[in-house]
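Worth saying up front: this structure is predicted, and the values here are computed from it rather than measured.
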Amino acid sequence: MAAEGSFKSTVRVSITNFLDSGSIVAGSAGLTLWTSHFGLNSFAVGLLGALSANAFGAAFGALIGGPLSDKFGRKVIYTYDMLVYMVGTILVMFAINFPMLLVGFLVTGLAVGAGVPASWTYISETSNDDARAKNIGVSQFAWSLGPAVIYTLAVLLSPLGLMGNRILFGFLTVVAFIAWNLQRGLGESKAWEEEKARAKASGIKQHPYRTLFSNHTSVKWLMFLIGVYMFWNLVAGAMGFFMPYVYETAGGISNKSADILQAVLWILTALATYYGFAKFGDKVNHRVFFFAGAAMAVASWVVLTFVGMQQSWSLWAFVILWGLSAGIGAQAWYALWATELFPTQFRAGSQGVMFFVVRASAGIWSIIFPTVLNSLGFTVAGICMIGLLLVSLVIGTIWTPQTKDKSLEEITLEQYGHDFVEGETANSAHRDNQRLDSEPNGNVVLPKTGSTK
């Protein structure tokens with residue numbers, strides 16, 4: 001696939017990420033409004049967060065969508081996924097009671113979870129070897145743009161109260177319809193097609209998920225990526241859904257001011273994603289780059305926890321530090337590494353498993369977090385956040401994978417050996433430069449890339 005075609009398909013697929021984060025923050029922006037309208041208690045508020053696109057909804061969606069994408073193709077997800085998403089957002093938009101609202105959040109989450117592993121996999125498989133981080137960065141830019149747009153709209157619509165939040169979900173429905181029309185015209189991933197052709201020609205029925213959980217290398221990378229992403233996402237997930245609630249209940253800040261803070265935070269995240277990760281992710285040392293983002297995230301919560309929200313400078317320091325760190329932080333690296341460290345035959349399915357664990361853990365934390373905040377106070381909740389971020393920082397910095405400047409073929413061969421690399425296919429724009437040559441004795445000789453381990 002030519003670079004131009006790859007970028008166009010990346011943009012189409014990245015709308016899924018916009019809708020993922022957009023649905024989370026649309027629920028977040030209206031949480032206090034829904035709470036007041038339906039008279040919800042802390043458990044009901046936590047349940048909304050737990051079953052949304054922020055947590056269990058997306059977790060179960062990923063567990064379904066990842067394997068389906070590996071079995072039937074990346075394209076099948078884009079044919080139907082947005083239709084399910086629209087059902088969920090319409091239910092929320094017209095919710096007349098708490099059960100209807102809850103079901104809407106759940107259905108939207110299922111659609112989000114099914115689409116995200118397929119989108120990251122498709123982007124990676126259709127990208128040039130020297131532009132994977134760039135294209136993943138574009139998808140993450142779309143993910144961070146979602147909250148920036150939604151929170152800005154929330155501020156503009158705040159005079160309308162709950163009706164304004166219903167309009168936000170109507171906006172997401174329209175964007176999902178546009179995404180559905182664009183994505184169903186995508187071609188299938190060539191890497192997936194060639195893997196399926198190879199498997200069919202061999203006549204051997206493989207069980208990729210049995211291999212996923214029994215292969216030492218794949219289990220090692222599963223644990224690594226879950227460690228990097230899960231501990232970070234426990235913080236980011238709680239922030240994505242509950243941060244305006246925290247500002248308003250613990251900081252005494254108005255709903256409109258909370259939405260302004262979040263809008264600025266996400267604008268900074270979008271800028272850092274595009275001008276940071278997308279521009280430099282293929283060029284600079286991955287370990288140093290990851291550490292910089294992770295350290296800024298820790299620093300942001302240290303300021304907010306121990307200085308508090310009563311000082312305006314500390315609020316803005318938090319917004320700036322976290323906003324920039326989120327653009328170059330754990331999620332962007334997870335999205336890149338998760339598509340690089342597993343072979344084609346279970347590339348999306350492995351993401352489905354990891355995404356399930358990550359979002360399910362966020363679901364449990366979403367039920368607990370409001371109680372911790374209300375019962376033990378913000379300082380205790382903040383210390384918990386700092387601890388979680390430190391774990392992610394340590395894991396990601398120590399065990400950073402060395403994938404920079406390497407093709408998916410090279411990475412798979414290094415990690416898994418010849419049996420797995422046969423199905424890996426470099427995109428056609430880069431294939432002539434990255435072709436594998438065989439020596440007379442059958443050994444595989446890789447082209448030199450100049451990369452070092």
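- Taking both residues in full, the closest heavy atoms of T412 and P343 are given as CG2-CB, 3.9 Å, listed atom of the first, atom of the second, then distance.
- In this structure a side-chain-to-backbone donor-acceptor pair under 3.5 Å is missing from K190 to T126.
- Of all non-hydrogen atoms in A131 and D282, the two that sit nearest each other are CA-OD2, 3.5 Å.
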query = Stepwise, does the side-chain contact (heavy atoms from CB on, under 4.5 Å) test hold for L389 with F231?
reply = CA-CA 6 Å; L389 291 171; F231 290 102; over 6 Å; no
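- Side-chain N or O atoms of Y416 include one that pairs as donor or acceptor with a backbone N or O of L341 at under 3.5 Å.
- Between the side chain of W180 and the main chain of T79, a donor-acceptor pair closer than 3.5 Å is present.
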task = For side-chain contact (heavy atoms from CB on, under 4.5 Å), just list the numbers for V112 and S23, CA-CA rounded to whole Å, side-chain angles, deciding distance to a tenth of an Å, and then say yes or no.
result = CA-CA 9 Å; V112 163; S23 62; 4.0 Å; yes
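- Residues F277 and I136 form a side-chain contact, since some pair of their non-hydrogen atoms from C-beta on lies under 4.5 Å apart.
- Taking all atoms of both residues into account, the shortest heavy-atom contact from A62 to P117 is CB-CG, 4.1 Å.
- Between the OG atom in S392 and the CE atom in M230 there is a gap of 9.5 Å [rounded to 0.5 Å].
- In this structure, the separation between CE on M86 and OG1 on T108 is 11.5 Å, given to the nearest 0.5 Å.
- Using a 4.5 Å heavy-atom cutoff, the side chains of M93 and I167 are not in contact.
- The distance from atom CZ of R74 to atom OG of S119, rounded to the nearest 0.5 Å, is 11.5 Å.
- Test S127, S124, S14 against N135 for side chain to side chain donor-acceptor pair (under 3.5 Å) and you get one pass: S127.
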request  = Kindly indicate, with the supporting measurements, whether the criterion side-chain contact (heavy atoms from CB on, under 4.5 Å) is fulfilled by L91 and V87.
outcome  = CA-CA 6 Å; L91 283 171; V87 170; 4.3 Å; yes
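- Between R347 and E125 a salt bridge is recorded (basic side-chain N to carboxylate O distance below 4.0 Å).
- Annotation for L186 and Y122: closest pair CB-OH, 4.0 Å, computed over non-hydrogen atoms.
- L222 approaches F342 most closely through the heavy-atom pair N-CZ, 3.9 Å.
- When side chains are defined from C-beta on, Q345 does not count as touching D70, because their heavy atoms never get closer than 4.5 Å.
- For the pair N165 (side chain) and A26 (backbone), a donor-acceptor distance under 3.5 Å is present.
- A distance of 11.0 Å separates CG in L48 from CG in L106, rounded to the nearest 0.5 Å.
- The two atoms that bring R287 and T397 nearest to each other are NE-O, 2.7 Å, heavy atoms only.
- Between V228 and F290, the closest side-chain pair of non-hydrogen atoms falls below 4.5 Å.
- Using a 4.5 Å heavy-atom threshold, the side chains of F280 and Y275 count as separate.
- At distances below 3.5 Å, at least one donor-acceptor pair connects side-chain atoms of T217 with backbone N or O atoms of Q415.
- Within a 6.0 Å sphere centred on NZ of K220, heavy atoms belonging to other residues, nucleotides or ligands number more than 12.
- Judged by distance alone, the side chain of Y85 and the main-chain N or O of L19 form a donor-acceptor pair under 3.5 Å.
- Within a 6.0 Å sphere centred on CZ of F38, heavy atoms belonging to other residues, nucleotides or ligands number more than 12.
- Under the 4.5 Å side-chain criterion, counting only non-hydrogen atoms from C-beta, L145 is not in contact with W266.
- Between W120 and Y334, the ring center distance clears the sub-6.0 Å criterion.
- I364 CD1 to F369 CZ: the interatomic distance, rounded to the nearest 0.5 Å, is 16.0 Å.
- Within the 4.5 Å cutoff, the side chain of S69 has no heavy atoms near those of the F72 side chain.
- Side chain of N17 to main chain of Q140: no donor-acceptor pair is present (N/O by atom type, distance under 3.5 Å, no hydrogens or angles).
- Within a 6.0 Å radius of NZ in K134, no more than 12 heavy atoms belonging to other residues, nucleotides or ligands are found.
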query = Step by step, would you call E414 with K406 a salt bridge (Lys or Arg N to Asp or Glu O under 4.0 Å)?
reply = CA-CA 10 Å; E414 286 181 359; K406 299 175 184 177; 3.2 Å; yes
request  = Please step through side-chain contact (heavy atoms from CB on, under 4.5 Å) for the pair L336 and E340, ending with a clear verdict.
outcome  = CA-CA 7 Å; L336 177 65; E340 293 179 328; 3.5 Å; yes
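- Between the side chain of N233 and the backbone N or O of A236 there is no donor-acceptor pair closer than 3.5 Å.
- With hydrogens and angles disregarded, a donor-acceptor distance shorter than 3.5 Å links the side chain of Q402 to the backbone of T400.
- The CD1 atom of I178 sits 11.5 Å away from atom CD of Q183, with the distance rounded to the nearest 0.5 Å.
- Counted by atom type alone, Q351 and T339 present zero donor-acceptor pairs between their side chains at under 3.5 Å.
- Listed for the T269 side chain is a donor-acceptor partner under 3.5 Å among the backbone atoms of L265.
- Residue-environment remark: CZ (F318) exceeds the threshold of 12 foreign heavy atoms within 6.0 Å.
- Using a 4.5 Å heavy-atom threshold, the side chains of W333 and Y229 count as separate.
- Taking 4.0 Å as the cut-off between side-chain N and carboxylate O, D405 and R132 do not count as a salt-bridged pair.
- Using a 30° and 60° split on the angle between ring planes, F224 and W221 fall in the perpendicular class, above 60°.
- The side-chain contact (heavy atoms from CB on, under 4.5 Å) test with T89 is passed by exactly one of F169, F105, F94, F171: F169.
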